[in-house]
Amino acid sequence: MNHDDLEYFANVQLNNFLRELAADPGYKAMLAFGGVEAGEFTALLTGHAGTFPAAGNVKANFGALAKGLAADLKKAGLQMTDAQLEILKTLEIMDAAHEEAMTAAEMMQILNKVVSSAPTKSG
């Protein structure tokens with residue numbers, strides 16, 4: 001993977017993923033059901049316990065699932081954002097190091113000058 005690949009991944013692919021995730025209706029609904037963010041859907045309507053005895057269990061279990069999933073999705077989104085920032089910081093460091101680095105030819109020129117100017121050993 002080279003510099004351009006990393007830059008594309010951070011600026012385009014991760015950025016698109018995060019934007020699409022934030023706009024996804026299912027993601028938004030799960031965050032609302034889980035109580036992580038406000039939203040249109042905050043409660044599961046399971047019916048009445050008289051006609052559907054498991055309604056309370058379904059509602060409670062779905063609430064727990066939604067809360068856990070919402071927290072995990074939120075954490076994954078934050079980790080992706082952190083990864084994007086870390087990649088961009090790494091690219092800045094790589095760019096700075098590249099600008100300061102000597103080429104092999106420059107190093108050879110310096111070494112040739114040092115070797116040619118060194119006094120010879122007579123003996």
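Just so it is clear, the values below take in all heavy atoms, side chains as well, and ignore hydrogens, waters and symmetry mates.
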Pairs under 3.5 angstrom only: tabulate donor-acceptor contacts from the side chains of residues 46-61 to other protein residues two or more places apart or in another chain.
unit_1, atom_1, unit_2, atom_2, d
T46, OG1, A55, O, 3.3
T51, OG1, H48, O, 3.2
N61, ND2, N57, O, 3.2

Point to revise | Pair listing, salt bridge (Lys or Arg N to Asp or Glu O under 4.0 Å) test, anchored in residues 80-94, at least two apart | key: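 Qualifying pairs, neighbours excluded: E86-K89.
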- Kindly state each residue pair satisfying salt bridge (Lys or Arg N to Asp or Glu O under 4.0 Å) with at least one member in residues 37-46, sequence neighbours excluded.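 The answer is E37-K74.
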To the closest 0.5 Å, what do you measure between [atom1] ([X]) and [atom2] ([Y])?
X	Y	atom1	atom2	result
Q13	D5	CD	CG	9.0 Å
I87	L14	CD1	CG	5.5 Å
Q84	Q79	CD	CD	14.0 Å
F62	L69	CZ	CG	8.5 Å
L85	T90	CG	OG1	10.5 Å

### Query
By side chain to side chain contact (heavy atoms under 4.5 Å, CB included), which residues pair with D95, not counting sequence neighbours?
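D95 satisfies side chain to side chain contact (heavy atoms under 4.5 Å, CB included) with H3 only.
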Point to revise | Other cluster members, I93 - Ile/Leu/Val/Met/Phe/Trp/Tyr, side-chain contacts below 4.5 Å | key: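 None, because no other hydrophobic side chain comes under 4.5 Å of this residue.
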Let me check something: any side-chain donor-acceptor pairs from residues 17-35 under 3.5 Å, sequence neighbours excluded? List them with distances.
unit_1, atom_1, unit_2, atom_2, d
R19, NH2, N16, OD1, 2.6
D24, OD2, G26, N, 2.9
D24, OD2, Y27, N, 2.9

*Answer yes if L73 and L65 sit in the same cluster of Ile, Leu, Val, Met, Phe, Trp and Tyr residues linked by side chain heavy atoms under 4.5 Å apart, and no otherwise.*
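Yes; L65 is reachable from L73 via cluster members.
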